[in-house]
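Here the structure is laid out as structure tokens; the discussion comes afterwards.
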Amino acid sequence: MDKVYEHKNVEEKIYKDWEEKGYFAPEVNPGGIPYCIILPPPNANAPLHFGHAMYVVEDILIRYHRMQGDAALWLPGADHAGFETQFVFEKHLQKDGKSRFDYDRETLYKMIWDFVQSNRGGMEGQLRKLGFSLDWSRKKFTLDPDIVAIVYKTFKKLYDDGLIYRANRLVNYCTFDGTSFSDLEVVHQERKSPLYYIKYGPLVLATTRPETKFGDTAVAVNPKDSRYKEYVGKDLDIETVLGSAKIKVVADEMVDMEFGTGVVKITPAHDFNDFEVAERHNLSLKQVIGFDGKMNEYAGKFAGLYIKQARAAVVEEMQKKGLIEKIDESYVNRIGLCYKCKNVLEPLPLEQWFVKVKPLAENAIKVVKNKKIKITPKNFETIYFQWLENLRDWNISRQTVWGIRIPAFKCEKCTKWIVTDGKVPEKCANCNSNKLIQDTDTFDTWFSSGQWPFAALRASRVSTDLKTFYPTSVMETGRDILFFWVARMVMLGFYITDEAPFKEVLFHGLVNDPYGRKMSKSKGNVVNPLELVDQYGADAVRFALIYGNATGNDQALSYTKLDGARKFANKLWNMARFIEMKRVQSSKLKVKSYEFEELLKEAKNETDKEWVKKTQGLVSEVSKYIDNYQFNLAAERLYEFIWHEFADKYIEDVKNRIDENSYLILAALYLILLKLLHPFMPFITEEINKQLGFSQDLIISAWPHD
RNA sequence: GGACGAUUAGCUCAGUUGGUUAGAGCGUUGCAUUGACAUUGCAAAGGUCACAGGUUCAAAUCCUGUAUCGUCCACCA
């Protein structure tokens with residue numbers, strides 16, 4: 001054996017060997033109890049980040065269960081990540097001086113497809129480098145035709161059940177990226193927004209958005225407000241920058257008498273609150289901002305200006321005309337930004353497909369309340385309930401090319417929509433016209449990935465997988481996608497299969513930079529996990545991520561911890577070298593695997609016997625910790641026992657009195673330690689196992705029982 | 001405006017049914033060793049467990065409140 005453990009000579013070779021022998025497939029344990037984890041499918045196009053390295057938790061569980069004889073399936077997949085990927089591709093185009101507008105839909109889709117395919121292997125190779133025992137023979141992609149077919153069917157079923165409807169509503173629209181978003185994708189930010197007090201005839205009202213005044217269709221006051229009682233129901237004659245106009249005054253509870261002057265302008269086409277007021281009072285919608293982010297013809301001489309320019313111009317004009325009473329420059333409010341490009345999102349009226357979430361959310365709440373799904377750490381249950389209880393309908397239409405195109409067709413003649421499960425209808429069911437046009441929008445990526453557990457298993461290469469592995473054992477993922485993904489999977493999974501898609505949810509925290517700040521490209525503090533794998537070895541990286549980090553907590557990347565883990569691996573290696581060295585010195589010494597009971601009988605020396613019992617105790621401790629998802633405690637206990645008890649005390653003791661019998665005990669106990677450590681540090685333990693000549697590969701060996 | 005987390009040694013963090021002198025890694029100090037160990041071993045120093053109350057025979061742990069930091073959610077113009 002080499003004097004120092006060299007991970008670079010070992011990891012790739014071992015992984016290849018495991019994979020070729022088919023160990024990652026659940027079939028290695030025929031007849032075993034099914035145990036299944038679906039890998040949260042990483043973006044097919046993007047390299048891995050540290051969040052993905054935390055999937056080591058899943059590998060620990062899978063390896064542990066595989067060793068216990070379960071038919072353990074860890075199913076890999078890749079997500080097409082619709083808008084995200086298109087966004088990245090557009091950046092890519094930009095470098096060549098092009099944009100998405102330079103290509104037709106089909107060409108653009110094909111280009112992105114090729115782009116994704118050429119990058120896809122990268123992500124998969126990285127998962128391999130981390131030692132993840134994924135069953136690659138079952139891998140799925142969210143754009144596989146069989147998956148797409150399932151997504152279509154779900155859409156049709158929801159539509160037929162009245163849970164999907166098309167409506168013209170205000171949506172969060174990014175005029176730069178040219179698409180709408182769901183509420184979840186909006187990031188809110190506090191900003192200083194000057195509050196303008198504008199004269200509206202006899203009234204004064206406060207607004208942060210004077211440029212939208214051309215879209216006002218009413219002015220509102222609180223019905224209890226005695227100051228304005230006389231105006232309610234009347235039309236006001238007002239002077240505006242575009243000349244004189246008439247505007248109606250309505251009374252609505254939504255108006256806060258304390259805020260501003262207690263008078264609000266109602267701009268239904270450009271404000272979510274106002275839209276609701278308009279519905280209550282039957283006010284018309286007047287859109288004055290276009291989807292290109294510019295003022296339209298209703299803005300008179302301001303038409304063609306971008307929103308920001310228009311605001312400045314309108315304010316200037318108003319000031320000239322004496323229409324502004326005062327400006328509160330220090331006012332701060334929260335505005336919605338595009339989570340990707342960080343530009344201000346515009347509320348704009350647009351026809352979109354919406355999912356009626358209430359009935360779905362009620363079931364999603366129920367399955368957790370009924371303990372059909374257990375969430376760890378438990379405090380995430382509260383967050384989960386709160387979100388589901390206050391959910392608004394989900395806009396699933398995206399104006400992007402990269403994604404699953406919505407199977408809805410509009411009749412040009414009678415304007416009715418026909419929803420199918422993917423087939424192109426020949427004629428309109430309503431008027432028999434054959435002029436049908438498919439919706440150009442694609443699904444929100446989360447609509448398809450929300451179906452992933454049952455879709456991936458139903459479309460699996462092995463036709464019985466859905467029956468065998470669904471609901472899956474545990475959904476382990478980052479706590480940041482509780483709403484985006486986990487809640488949606490429960491809603492859609494339960495809707496389609498009448499069962500919760502998984503029995504448990506297990507969250508891991510974020511890996512932050514060494515100073516505890518969130519890693520982000522814009523801050524430039526992103527650390528590539530693969531670089532650390534190269535430097536420290538996959539086992540050390542895995543161990544460092546688990547050790548000293550309580551389940552679900554965020555952690556700061558720690559180089560000293562990585563170093564500690566690497567040294568631990570080296571210690572383990574040298575313990576093996578000691579055992580190997582003794583064997584070389586005497587041909588009588590044998591290395592073999594034993595059960596604890598046999599060992600207790602075999603052991604002649606009292607101290608040896610004691611260590612058999614201690615190791616036996618360790619087995620039950622570590623098993624219990626893993627069963628309870630206390631991986632940190634399992635890792636800490638193993639570290640402590642292996643190094644400071646087994647090596648420092650036992651090996652030091654047995655060193656100078658070693659004989660055939662003691663050696664047998666020592667080697668057998670060491671093998672047990674290797675097994676216990678294997679889920680955490682798979683490569684080095686397997687390599688040592690080989691070097692010492694134990695007969696069976698560790699990955700499929702039986703977990704010791706105490 | 002709500003919710004959730006964190007606060008323990010110089011630093012980074014463990015400590016999940018409340019139970020002897022509160023632990024680890026790194027760092028610091030001293031000693032030893034070239035050994036299975038690109039080191040390792042032995043030992044030491046270092047903590048009013050954020051603060052204030054409460055429950056209990058017993059609280060880092062449970063309860064109430066406060067403070068600071070962080071995160072998430074929310075349509076006040």
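So you know, we letter chains A, B, ... as the sequences are listed, proteins then strands, and number each from 1.
Note: CD1 (A/Ile335) to P (B/C76) measures 12 Å, nearest angstrom. Look at CZ on A/Arg583: it is 17 Å from P on B/A36, rounded to the nearest Å.
Applying the Watson-Crick and G-U wobble criteria (two distances, each under 3.5 Å), B/G30 pairs with B/C42. Across all strands shown, B/A3 forms a Watson-Crick or G-U wobble pair with B/U71, both key distances being under 3.5 Å. Taking a pair to require two hydrogen-bonding distances under 3.5 Å in either a Watson-Crick or a G-U wobble arrangement, B/G25 pairs with B/C11. As the counterpart of B/C57, B/G19 is assigned, both hydrogen-bonding distances of the Watson-Crick or G-U wobble pattern falling under 3.5 Å.
Residue A/Val255 is classed as a base contact, given a heavy-atom separation below 4.0 Å to a base. At the heavy-atom level, A/Thr207 lies under 4.0 Å from the strands shown only through sugar-phosphate atoms. At a threshold of 4.0 angstrom between heavy atoms, the contacts of A/Asp648 are confined to the sugar-phosphate backbone, with no base atom among them.
Looking at heavy atoms from C-beta onward, A/Asn632 lies out of side-chain contact with A/Tyr547 at the 4.5 angstrom threshold.
Summarising the local packing, NZ of A/Lys340 is surrounded by more than 12 heavy atoms from other residues, nucleotides or ligands at distances under 6.0 Å.
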Using the rule given for side-chain hydrogen bond (donor to acceptor under 3.5 Å, both in side chains), can you reason through A/His508 versus A/Glu476, listing the C-alpha separation, both sets of side-chain angles and the distance that settles it, and then say yes or no? CA-CA 7 Å; A/His508 60 248; A/Glu476 198 282 338; 2.6 Å; yes

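For A/Glu652 and B/A36, a side-chain-to-base donor-acceptor distance below 3.5 Å is present, hydrogens and geometry of angles not being considered. Judged by atom type and distance alone, A/Lys3 does not reach the base of B/A38 through any side-chain donor-acceptor pair under 3.5 Å.
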